[in-house]
**Q** 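So that we are looking at the same thing, I have put the structure below in structure tokens.
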Number of protein chains: 2
Amino acid sequence: MRIKRNHPLAIKDHPVTAQRQLLLDILREASSHLDAKALYQRALERDRHISLATVYRNLRLFKELGLVDEIRLDEIHCCYEIKRSTEHYHLLCTSCGNVIEFKSSLIAKLVAEVEHNYDFKANRAVLHLEGYCQKCKKR
Amino acid sequence: MRIKRNHPLAIKDHPVTAQRQLLLDILREASSHLDAKALYQRALERDRHISLATVYRNLRLFKELGLVDEIRLDEIHCCYEIKRSTEHYHLLCTSCGNVIEFKSSLIAKLVAEVEHNYDFKANRAVLHLEGYCQKCKKR
DNA sequence: TTAAGTGCAAAGGCTTTGCAGCATA
DNA sequence: TATGCTGCAAAGCCTTTGCACTTAA
């Protein structure tokens with residue numbers, strides 16, 4: 001089956017189960033970032049028998065395969081999103097909870113500078129800013 | 001008692017208990033960053049009856065009062081340190097677990113740029129880099 | 001066919017909370 | 001003295017795991 005052979009999971013020798021397909025579909029369709037519970041609840045709407053354990057197991061798999069990014073905004077905001085080609089980070093509005101993506105060329109510069117000054121090899125940058133979004137800062 | 005009147009807790013109308021004093025002392029003396037459990041274990045050495053609940057309650061209080069910073073490196077590394085005047089961030093070696101502090105003037109630039117481009121008011125930047133420290137990257 | 005995934009329920013780790021007793025100011 | 005803190009134990013929350021059954025390839 002050509003579709004499955006090209007599937008990101010099949011390529012890496014992992015069976016494409018209905019549950020995995022469903023979870024990836026939901027993550028792809030999601031306009032916002034989902035945490036494990038939100039993903040589970042959306043999955044339940046289409047598969048009444050899917051379990052939360054399956055959601056966690058597959059989120060971990062997707063993360064290991066590099067299919068999704070895990071974004072830990074704080075102890076309660078841990079969300080997941082399908083990995084896209086363009087690297088970006090997040091702004092978190094502490095007033096309304098809105099999550100906004102941002103990019104900046106300064107991040108690569110910062111990483112390069114720190115790697116040089118501290119003799120460090122950076123594999124990942126965890127970065128987000130907390131504050132007030134456009135709407136909330138007016139008040 | 002003059003000492004207590006000048007105490008950071010007393011100033012903010014919170015009783016200075018022996019437990020709070022002990023916890024602040026340990027945090028001040030700590031060369032490295034401590035998580036709740038490590039802080040509790042060090043506290044036990046000097047007060048056999050202190051409870052983990054007291055540690056958590058007071059860490060939250062100190063955080064609210066701005067006496068300590070909470071640094072959440074990932075889901076298992078959540079550590080605390082006495083707040084100092086100089087702002088800094090952290091490098092986390094994913095090989096040996098070492099935590100190194102770093103500073104960079106590019107961070108302020110980055111924040112200013114993002115605030116301008118995205119019409120955002122940043123109150124806090126969460127930033128750390130994961131990778132290999134000097135020792136581990138040689139291997 | 002068979003290695004791997006799933007659902008369920010139980011357990012794990014970290015953190016919070018209710019309550020009675022105790023200490024600070 | 002009165003408010004508020006502490007210790008203890010229990011509960012909460014998120015996440016992981018053991019086991020028997022099911023399924024993808």
Side-chain angles (χ1 to χ4, degrees), chain A residues 1-24 26 33-41 43-65 67-68 70-80, chain B residues 1-24 26 33-41 43-65 67-68 70-80:
Chain A
M1 296 175 66
R2 189 157 296 146
I3 291 169
K4 290 209 173 166
R5 192 172 297 161
N6 289 330
H7 195 286
L9 289 173
I11 288 167
K12 306 197 181 181
D13 280 330
H14 288 274
V16 184
T17 65
Q19 291 90 337
R20 286 176 178 168
Q21 190 64 65
L22 173 59
L23 294 173
L24 286 172
I26 294 170
H33 311 79
L34 299 175
D35 61 14
K37 204 169 140 195
L39 177 58
Y40 172 58
Q41 280 164 346
L44 270 184
E45 293 169 10
R46 300 197 221 166
D47 174 355
R48 278 173 303 151
H49 297 292
I50 197 168
S51 81
L52 189 53
T54 295
V55 171
Y56 277 110
R57 276 191 283 237
N58 284 315
L59 278 176
R60 187 160 51 166
L61 174 69
F62 299 162
K63 199 169 50 171
E64 283 166 8
L65 297 181
L67 298 178
V68 305
E70 181 184 76
I71 302 128
R72 177 166 287 273
L73 293 174
D74 61 42
E75 52 262 65
I76 51 169
H77 287 78
C78 181
C79 56
Y80 299 86
Chain B
M1 295 175 64
R2 188 159 296 147
I3 293 169
K4 290 208 175 168
R5 192 174 295 160
N6 290 330
H7 196 285
L9 288 173
I11 288 167
K12 306 197 181 181
D13 279 331
H14 290 272
V16 184
T17 65
Q19 291 90 338
R20 286 175 179 170
Q21 191 63 65
L22 173 59
L23 293 174
L24 285 173
I26 294 170
H33 311 78
L34 299 175
D35 61 15
K37 204 169 140 195
L39 177 58
Y40 171 60
Q41 281 165 346
L44 269 183
E45 292 169 11
R46 300 197 221 168
D47 174 354
R48 278 172 303 152
H49 298 292
I50 197 168
S51 81
L52 189 53
T54 295
V55 172
Y56 277 109
R57 276 191 283 239
N58 285 315
L59 278 176
R60 187 160 52 166
L61 175 69
F62 299 161
K63 198 169 52 173
E64 284 166 6
L65 297 180
L67 298 178
V68 306
E70 181 183 77
I71 302 129
R72 177 165 286 273
L73 294 174
D74 62 41
E75 53 262 63
I76 53 169
H77 287 78
C78 181
C79 57
Y80 299 85

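Residue numbers begin at 1 in each chain, while the letters A, B, ... track the order of the sequences.
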**Q** OP1 or OP2 of dT6(C) sitting under 4.0 Å from any side-chain N/O of H49(A)?
**A**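 Indeed not, no polar side-chain atom of H49(A) lies that close.
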**Q** If you assign K37(B) and A53(B) each to the DNA chain C nucleotide with the nearest heavy atom, which residue ends up on the more 5' nucleotide?
**A**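 Nearest-nucleotide comparison on DNA chain C picks K37(B).
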**Q** Using atom OH of Y40(A) as one end and atom P of dT15(D) as the other, report the distance to the nearest whole Å.
**A**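 One finds 14 Å between P of dT15(D) and OH of Y40(A), rounded.
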**Q** Strictly distance-based, threshold 3.5 Å: is any side-chain N or O of R46(A) a donor or acceptor partner for the main-chain N or O of L22(A)?
**A**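 No; judged by distance alone, with no hydrogens or angles, the pair does not exist.
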**Q** To the nearest Å, give me how far apart CG (L52(B)) and C1' (dA9(D)) are.
**A**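 Between C1' of dA9(D) and CG of L52(B): 12 Å.
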**Q** Send over the distance from Y56(B) OH to dC14(C) P, rounded to a whole Å.
**A**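 Rounded to whole Å, this separation is 7 Å.
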**Q** Do T54(B) and Y40(B) come within less than 4.5 Å of each other through their side chains, counting heavy atoms only?
**A**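 Sidechains of Y40(B) and T54(B): no contact.
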**Q** Within the 4.0 Å heavy-atom criterion, would you say R57(B) contacts the bases, only the backbone, or no part of the nucleic acid?
**A**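 Since a base atom lies under 4.0 Å of R57(B), the category is base.
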**Q** Starting from P on dC14(C), measure out to CG on L59(B) and report it in whole angstrom.
**A**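 It is 14 Å, rounded to the nearest whole Å.
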**Q** Do S51(A) and Q19(A) have side-chain heavy atoms sitting under 4.5 Å apart?
**A**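 Side-chain contact under 4.5 Å: no.
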**Q** Has T17(A) got a side-chain N or O lying under 4.0 Å from the OP1 or OP2 atom of dT6(C)?
**A**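 Answer is yes, contact under 4.0 Å.
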**Q** Closest approach to the side chain of S51(B), judged atom by atom: which nucleotide of dC5(D), dC8(D), dT17(C) is it?
**A**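 My answer, after comparing the listed nucleotides, is dC8(D).
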**Q** For DNA chain C, whose closest nucleotide is more 5', that of A18(B) or that of R60(B)?
**A**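 Of the two residues, R60(B) wins.
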**Q** Just compare dC5(D), dG5(C), dG7(C) and give me whichever is closest to any side-chain atom of I50(A).
**A**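 Side chain of I50(A) sits closest to dG7(C).
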**Q** I want to check one thing: is the phosphate of dG7(D), taken as OP1 and OP2, less than 4.0 Å away from some side-chain N or O of T54(B)?
**A**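 Result: yes.
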**Q** Quick one: are L59(A) and V55(A) in side-chain contact, heavy atoms under 4.5 Å?
**A**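 They are in contact (side-chain heavy atoms under 4.5 Å apart), so the answer is yes.
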**Q** Rounded to whole Å, please give me the gap between CZ in R48(B) and C1' in dC8(D).
**A**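 To the nearest whole Å, that distance equals 17 Å.
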**Q** How about I71(A) and C79(A): do any of their side-chain heavy atoms sit closer than 4.5 Å?
**A**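 They are in side-chain contact.
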**Q** Write down the distance between CG (L44(A)) and C1' (dG7(C)), rounded to a whole number of angstrom.
**A**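 Those two atoms, CG and C1', are 12 Å apart.
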**Q** Between N58(A) (CG) and dG5(C) (P), how many Å, whole number?
**A**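 Result: 8 Å.
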**Q** Distance check needed: dT24(C) P versus Q19(B) CD, whole Å only.
**A**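 Taking CD of Q19(B) and P of dT24(C), I get 8 Å after rounding.
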**Q** H14(B) side chain N/O closer than 4.0 Å to the phosphate oxygens (OP1, OP2) of dC5(D)?
**A**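 Checking dC5(D) against H14(B), a side-chain N or O does come within under 4.0 Å of OP1 or OP2.
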**Q** Of the nucleotides dC14(D), dC5(D), dT6(C), which has the atom closest to the R20(A) side chain?
**A**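 Looking only at heavy atoms from C-beta outward on R20(A), the closest nucleotide is dT6(C).
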